Structure formats: structure tokens, C-alpha cells
Amino acid sequence: MGKKHETPLLDELKKGKWVSFVREIERAAEKSERTEDLLGQVENSYRDKITHWKHGGMAGVRGYGAGLVGRFTEFPEKYPGVKECHSMRVNQTSGFFYNSDILRKIADIAEQHAGGLLNLHGSTGDIQILGVWQAEAEEAFQKCAELGFDLGGGGSDLRTPSCCVGPARCEFANYDTLQICYDMTQAFQDEMHRPSFNYKFKLKFSGCSNDCVAAASRSDMAFIGTWKDKIKINQDEVKNYVKKFNVQKYVLDKCPTKCMLFEGENLVIDDSNCVKCMHCINEMPKALRSGDEKGLSILLGAKAPLVTGPRLGMMLVPFYDVLEDSKNDYEWLKGLISNMWEFWDEYGVSRERIGELMQRVGVVTFLEGIGLEPIPEMVNHPRGNPFIKFTDDED
Amino acid sequence: MTDETKKKLEDKIVGLVKEYDGKKRFKPVDIVKEMEKEFADEGLSKDDIKSVLKEIMNDEKLVYGYAGGSFLTLPDNKG
């Protein structure tokens, strides 16, 4: 069968040894006419160097205000298969664990009710079924529900919380990212399915500061695993690493706070100056381990550039004993999150992320509003944050 | 909240969206704030209003739309 649309620019993206999204769309297009039109639409956008999608509008399933992201072509007559090309966000599992049977069934739903394309995973973390039409959305949703999957967030709501693989597969995890992600998802179902915020709000959980889900830069509220006590050192393994590579150059010299040194053959760490960046542990995993007093740090306010510029999260809670709070069903954490939403609800303006609100009203006002005391560990350096003044004795 | 108050609140919310259809897009947060003021004498909490709003959406008396932010609109506007 000949090609419905000529795609010389997209064909360029099939060259080379790499996986190509164009090749995958073409494979799906063999079975789906609407996906053939997707190729034409994307080629058109590449040719004109501008997107020809219209975003938003009215798309959804019954009772939910989120989970189906509306997308329409600007050329419905030219590309009728993508006159509607909505993305159905399906709430991923914690840590992205699936069995192949479930993935096949989700792929079947994508073939039966959409363009046969899946995106695993979208930037928020969800599985995305691409190319859904409004008329088929409800049935596709019900089939996902039969498999035990709900829709994720979208619009001005709590976006689908996501987490790294955590202790399920990673020795660096300092807390059970999967458990807390699952619990928060269950606790805030209403906030996820029924948009009632000023703008989006994201929760991401990383087990350590390697931050595999990019929580510190991409989520309004980031949870980064850390520890309070000393890094555990196995000096014999340190000696083995010294035989293999230049530990001084690649580990000690690259320590951001220069808190490591060799005393003879022994590695010594000034833990009071360690910022738990994980660099040394990554380089010498057999020799170094995080401490025993584990928990997490909570950062607030990160976002990508959209309405205003990008922001990294600000340290809000330097150490949160997640294990202890989990015994109380995360009562303290849920209270903190609810307080923040309450304050944001009251004082935020339309399309203002919570980090932008904090910047606008000032950190002191924000902290008062959510009921947290300012503490020195919230800032990198004394006087590093112009909003908080400490007296000499507090310095 | 009595059934009577609930009905009044429901009618008020749907009526407001109907009245401003095509002129103003109400975010759910705006509606909640507006109703909090409107029903201040009856002591309705935000949660009360949100639960009524949830029922309105479940019954599809109103539906959600998205244009840079989420808003409430009439089901007739759904394509």
C-alpha cells in the first residue's frame, strides 16, 4: 500500500541506528488510517516550523475534569484522522512496574480506540494513549478501569504523582518511594480528577538526590531521599577503588563541599559539611553507603518555563521522618499539603504556580500561611535568601 | 447542609455558568469562592461547596473544559 502522505522531512528522522518515533508511527499507521493522517500532520508542522495542533477545549470522560488532554488539528479536512487526537493519561503504577500481559492489554485498547500509539511515559509520568477521539473516550476509559487503571491528572489539578523505582530495584533509595506515591495518589483522588486549583500541582518522589524522576526541577513539591547521620565507609573497598581509578581526581576533587580527604590510606568524611549529593556514593558504591537515619527532604516551587521562567525547588523541610509519619497514615504530610493548597487557593491568582506565589508574597508570609517555622537549613548560605533574616545568634 | 440548601446551591452554580455562557469562563476555584460569599449566612464550608460541585459534574449538569486552565461550562458546549 502506498503512503497516504509524502513525508520527506520525517523520513530523515528514520536514518541512523537509533530508535525512531517516525518508524513507530509508521508501523502503527499500517493498521490505522487516523495514524496515517498523524504522519501528514506532523510532516506539515515540520515543514512550516510551527505546530498545527490546537490544544485544550472540550475533551473528557464522565465526571472527570482531567485525564483526557484535548488536541485538534488545524486542518481537519486535510487530515480527518486527527481532527481529534486527544491523549488519554492513564495513571501509571508506582515505579513504572508492569507485567507484559497488562501492557499488551493496554496496547490493545490503544489499537481499538485510538491510533495504536502509546507513550510510556509522558513527562508527568502517565501512560499516554495517543489519538483518542471524544466519541470513544468513555469506552477506552472503562476498559482501562476494568484492568485496574484509573486516569491521571490534567488541567488545573493535582497531576499524577510519580516516583522512582525506589527500594524495589535501587540500593540507593532512602525511603519507600513507591508506598508514599501510592498513598498520596489514593488520598488525593478528588484533587487529581476534579480540577479545582489555580494551576497544576505536581508531586514527585525520588529515593535519593540522584533524583531519577527530576523532582527537584520538575515538581511543585519534591521529595528527595536523604539521611542525617554519617556516610558508612568500607575502607577495604576504598582501597580497591584506589587501585582501579584516580579517586582523588574523580571523587574527592569533585565533592561540592570538599568535605572528603585521605588520611594515609583511609578516607575521612566531614559529614557535617556533606550535602548528600550522592556523587561519591555513585562513584564508589561498594565503599560508601548512606547512613542509617534515613528520611527525605521536601522542596517546594520547582517548575518548567511556561507562564514565567523556570524555578528550582526551595528547601522547605530539610528532614522529614517519613517512616514515622507513615505509621500515622502520613497525617503530618497530608496536613502540610492541605495547608499549602488552602493558602494557594486563597491568595494565588489564575495560572500561578505555588512557587510563583511564594516568590510573590515572600517566603516569610508563605511560611506563616502554611504554619511552618523558618529554619536556617531552608537556605543554602547565611543571608543567601533575602526574604529571611536571622539574628546573629541564630546564624 | 440541608437538602434545600444543597438544591439552592446547585441551582445557583449551574445558573451562574448558564448566565455567563460565552462571556466568562469560571474556574472551579472562582465558583467555590463566589458561593462561599453568597452562602456565608448559611455557614457553608469550602468542602460542602466542593461536594455539591462534584455531584453537579457527576450528573453532567456542567462539564470541564480547558483553555490554559480548567473551567466549567455547559454540556451543550462539548463537541
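Predicted model only: the values in this text are computed from it and were never measured. Within every chain, numbering begins at 1; the chains are lettered A, B, ... in the order of the sequence lines, protein sequences first and strands thereafter. Scope of the values below: all heavy atoms of this structure, side chains included, with no hydrogens, waters or symmetry mates.
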- Query: Can A/R194 and B/Y64 be said to form a side chain to side chain contact (heavy atoms under 4.5 Å, CB included), step by step?
  - Reply: CA-CA 9 Å; A/R194 298 163 200 286; B/Y64 290 100; 3.2 Å; yes

Tell me if the [atom1] atom of [X] is crowded by more than 12 foreign heavy atoms within 6.0 Å.
{"X": "A/R71", "atom1": "CZ", "value": "yes"}
{"X": "A/Y347", "atom1": "OH", "value": "no"}
{"X": "A/Q189", "atom1": "CD", "value": "yes"}
{"X": "A/E138", "atom1": "CD", "value": "yes"}
{"X": "A/F75", "atom1": "CZ", "value": "yes"}
{"X": "B/E4", "atom1": "CD", "value": "no"}
{"X": "A/D48", "atom1": "CG", "value": "yes"}

- With a 4.0 Å cut-off, would you call B/K46 and A/E346 a salt bridge?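 A salt bridge is present here (some side-chain N lies under 4.0 Å from a carboxylate O).
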
Taking all heavy atoms of [X] and all of [Y], pick out the closest pair and write down the distance.
{"X": "B/G69", "Y": "A/S156", "value": "CA-OG, 3.5 Å"}
{"X": "A/D345", "Y": "B/K33", "value": "O-NZ, 2.6 Å"}
{"X": "A/P195", "Y": "B/P28", "value": "O-CG, 2.8 Å"}

- Task: Report yes or no: does B/K27 contribute a side-chain atom to a donor-acceptor pair with the main-chain N or O of A/Y199 at less than 3.5 Å?
- Result: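 No; zero donor-acceptor contacts below 3.5 Å.
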
- Message: Within this structure, what is the OG-CD1 distance for the pair A/S196 and B/I31, rounded to the nearest 0.5 Å?
- Response: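 Reported value, rounded in 0.5 Å steps: 12.5 Å.
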
- Message: How long is the straight-line distance from OG of B/S70 back to CG of A/N198, given to the nearest 0.5 Å?
- Response: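 Going from CG on A/N198 over to OG on B/S70, the span is 11.0 Å.
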
- Message: Report which part of A/D157 has an atom under 4.5 Å of a heavy atom belonging to chain B: side chain, backbone, both, or neither.
- Response: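 A/D157 has no heavy atom closer than 4.5 Å to chain B.
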
